[in-house]
Amino acid sequence: MPLITMTTDFGMSDGYVGIMKGVILSIAPDATIVDITHDIQPHAISQAAFVIAAAAPYFPSGTVHLVVVDPGVGSERRAIAVQIKRTYFVAPDNGVLTLILQPLSGNPPPAKIIHLRRRKYWLPQVSNTFHGRDVFAPVAAHLATGTPITKLGKSIDDPVLLDLPRAQQNLDGSIEGHILYVDRFGNLVTNIPASWLKAEVPWRIEVAGRVIDKLSSTYADVQRGQLLALVGSSGMLELSVREGSAALMLGVGENVPVKARPVSQD
Amino acid sequence: MPLITMTTDFGMSDGYVGIMKGVILSIAPDATIVDITHDIQPHAISQAAFVIAAAAPYFPSGTVHLVVVDPGVGSERRAIAVQIKRTYFVAPDNGVLTLILQPLSGNPPPAKIIHLRRRKYWLPQVSNTFHGRDVFAPVAAHLATGTPITKLGKSIDDPVLLDLPRAQQNLDGSIEGHILYVDRFGNLVTNIPASWLKAEVPWRIEVAGRVIDKLSSTYADVQRGQLLALVGSSGMLELSVREGSAALMLGVGENVPVKARPVSQD
Amino acid sequence: MPLITMTTDFGMSDGYVGIMKGVILSIAPDATIVDITHDIQPHAISQAAFVIAAAAPYFPSGTVHLVVVDPGVGSERRAIAVQIKRTYFVAPDNGVLTLILQPLSGNPPPAKIIHLRRRKYWLPQVSNTFHGRDVFAPVAAHLATGTPITKLGKSIDDPVLLDLPRAQQNLDGSIEGHILYVDRFGNLVTNIPASWLKAEVPWRIEVAGRVIDKLSSTYADVQRGQLLALVGSSGMLELSVREGSAALMLGVGENVPVKARPVSQD
């Protein structure tokens with residue numbers, strides 16, 4: 001049974017997402033559709049880029065991920081489908097797949113990228129304002145039913161990529177990164193990979209003028225309402241408040257710098 | 001595999017929708033259930049009428065659409081099921097199916113309308129406050145498993161219909177309509193069908209004291225933050241702001257008048 | 001086809017719920033997953049306890065209910081699976097299953113409670129912050145595919161139970177209860193079971209200094225905007241305003257006392 005996920009900024013109040021599911025199930029009646037989220041901030045491409053990159057590894061091989069945050073709908077921006085091993089992505093070519101094509105840690109995976117051009121796999125009538133329904137949903141459904149990706153258009157090698165801030169390691173061992181994402185609980189997810197934070201070294205974390213003097217391993221290491229730094233569920237350094245909101249406590253959000261320093265132990 | 005959609009004002013926070021799905025899957029274990037929306041404003045019958053009419057055409061033949069916005073639950077209002085070709089609707093008889101029975105453009109389709117009376121197809125115990133669970137969900141599930149609609153009750157021909165504003169064409173060629181729906185992006189969907197706006201004629205659109213001096217074909221025709229008028233994804237005239245909110249810019253909402261005038265070209 | 005429900009405080013904006021579904025469908029590809037709600041207030045264990053107890057009875061035998069409101073994630077709190085007849089629950093052992101194990105009316109059902117210890121049924125790598133993904137989702141999926149509950153760990157008989165207020169019947173026939181839950185419509189659900197309110201007796205209800213002088217049977221018994229008391233869809237006494245919000249009108253919420261008195265008829 002083919003699996004299709006959806007990540008959009010359409011919200012759930014207007015029925016747009018339901019319409020896309022109707023289109024998918026008309027073409028692929030046996031598909032299982034999973035909502036990753038429809039609450040990306042309107043037009044927030046980088047937010048969707050983070051969410052799909054965090055979620056995709058937990059889905060089985062063969063899954064088709066439909067990612068539609070598309071402020072340029074109706075313009076000349078391209079529509080693309082991407083294959084990495086046996087996982088597929090369908091999206092506007094606006095950088096929303098940046099962290100799939102260039103992960104924050106590890107090497108870029110080999111990817112086949114197709115510029116969607118074959119109208120045969122779209123709805124017969126294509127509007128200028130809702131390619132989620134008219135182009136992306138039908139293409140995802142066709143991929144899910146086994147249409148080879150190469151039938152959907154021509155191969156390209158110059159996808160649009162966002163210039164997202166990357167963490168860097170300095171000569172003195174310190175790491176400079178940024179807050180990448182703020183979640184519903186007010187957790188601040190940074191772009192500093194856990195693998196950079198050697199466990200045997202004590203670390204001190206600095207953010208927004210505050211110093212956190214160690215890396216915790218779990219929320220329960222601190223009292224309720226206290227700020228802590230730990231490796232979060234996405235494998236990145238996170239700043240959290242136990243049963244509270246680090247975003248509210250610190251008054252910070254995306255793109256704010258975060259520094260991690262190894263503490264000299266002599 | 002039978003397909004059932006749901007459109008309600010129940011929200012997703014209280015579990016009411018999940019309960020209805022439990023009832024459906026107890027009767028029709030193989031059903032695929034698609035949420036169109038559960039975020040209709042509480043008791044906003046006309047809003048639900050628009051959303052289901054926009055969504056239904058994108059679902060395959062055989063789909064059962066469950067529409068429960070039901071301020072009159074427990075009163076004498078009737079419950080109905082409607083068959084149009086091979087598509088089914090189950091709803092309270094309060095006008096929520098008005099735009100299914102009387103589309104904004106085109107002729108009313110032939111419809112079989114059944115007053116739900118046969119308690120055999122309901123839950124054994126029927127509350128006075130939650131017919132979504134006790135009446136509508138089980139009836140939708142029975143339709144999805146192949147129960148003929150005529151078994152559910154007696155045929156009627158006087159369904160409740162809302163007196164929704166209809167656009168009108170004047171002798172001078174101008175069109176008077178209204179804003180019908182405001183979506184999450186702040187797009188203002190009018191009740192003026194695209195087919196009335198002849199492409200070869202230049203149009204001028206008036207709303208809330210503002211004049212938009214042409215019909216655009218896509219958001220990209222204007223600069224970011226600029227107001228435009230175009231044919232939207234539901235096939236109606238829409239007013240939008242590129243990467244912004246027309247509702248916020250104009251400060252208007254449902255039922256506000258919109259006028260379209262052909263521009264004299266001599 | 002196995003059925004799994006989800007009740008969490010994760011919200012739908014961050015993709016956490018989608019990730020859990022990816023984990024479930026990797027293990028149980030044929031599972032049908034139903035969202036009960038993901039909008040439990042962050043860390044509101046008692047709220048989730050009410051919602052799952054109201055919803056579970058409407059699902060078919062064999063259903064696995066996944067309930068993850070887990071402020072103690074990463075601490076020493078236990079993770080449990082519960083079997084009652086042929087229905088299953090998977091949750092942190094923090095009281096979130098209190099009203100399943102000790103219903104508000106009727107006797108506690110016989111339950112098998114398992115302390116989850118067998119890491120073989122978890123994801124290979126277990127984070128300290130997201131057991132929903134790493135422990136609870138895979139365990140639910142394994143139960144859904146037929147793994148016997150006894151394989152998941154050791155039996156226990158001391159689950160954590162919340163000390164929720166219980167309604168009480170006084171010698172003079174009056175009943176003292178509390179508001180247990182406030183829904184999206186502003187309905188105030190109390191912990192007073194319908195079965196305590198004998199139909200042949202007229203009742204007077206007191207809440208927040210207001211007196212409601214009878215029990216209605218349906219919203220339509222009063223005028224729009226008027227306060228009423230009736231048996232709600234969860235089988236408990238509820239206070240409502242017809243097409244309005246009792247929570248807003250009375251300015252009250254959870255834990256506020258409610259009194260029901262039989263009216264002397266001589």
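Being a predicted model, the structure only gives us computed values, none of them experimental. Naming convention: chains lettered A, B, ... in sequence-line order (proteins, then strands); numbering from 1 in each chain.
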Trainee: Hey, what do you get for CG (Asp183(C)) to CZ (Phe10(B)), rounding to the nearest 0.5 Å?
Mentor: 10.0 Å
Trainee: Name the option with the most non-hydrogen atom pairs under 4.5 Å to chain C; the candidates are Ile24(B), Val17(B), Leu25(B).
Mentor: Leu25(B)
Trainee: Against chain C, label His38(B) side chain, backbone, both or neither, depending on which of its atoms sit under 4.5 Å from a heavy atom there.
Mentor: backbone
Trainee: Okay, side chain of Thr98(C), backbone of Leu161(C): is any donor-acceptor separation there less than 3.5 Å?
Mentor: no
Trainee: What residues of residues 56-72 of chain B sit under 4.5 Å from chain C when you count only heavy atoms?
Mentor: Pro71(B)
Trainee: Side chain, backbone, both or neither: which part of Asp9(B) has a heavy atom under 4.5 Å from chain C?
Mentor: both
Trainee: Measuring from Lys21(B):NZ to Thr32(C):OG1, what's the distance to the nearest 0.5 Å?
Mentor: 11.5 Å
Trainee: Most heavy-atom pairs under 4.5 angstrom with chain C, which of Pro42(B), Ser13(B), Ser127(B), Gly15(B)?
Mentor: Ser13(B)
Trainee: Would you give the length of the straight line joining atom CD1 of Ile113(B) to atom CG of Asp93(B), rounded to the nearest 0.5 angstrom?
Mentor: 8.0 Å
Trainee: For the residue pair Pro138(B) and Val23(B), what are the closest heavy atoms and their distance?
Mentor: CD-CG1, 3.7 Å
Trainee: So among Leu188(C), Leu164(C), Val258(C), Asn191(C), which one has a side-chain contact (heavy atoms from CB on, under 4.5 Å) with His178(C)?
Mentor: Asn191(C)
Trainee: Are the side chains of Phe50(B) and Ser234(B) in touch, meaning some heavy atoms are under 4.5 Å apart?
Mentor: yes
Trainee: Quick check on the structure: residues of residues 73-84 of chain B within a heavy-atom distance below 4.5 Å of chain C, by number.
Mentor: Val73(B), Gly74(B), Ser75(B)
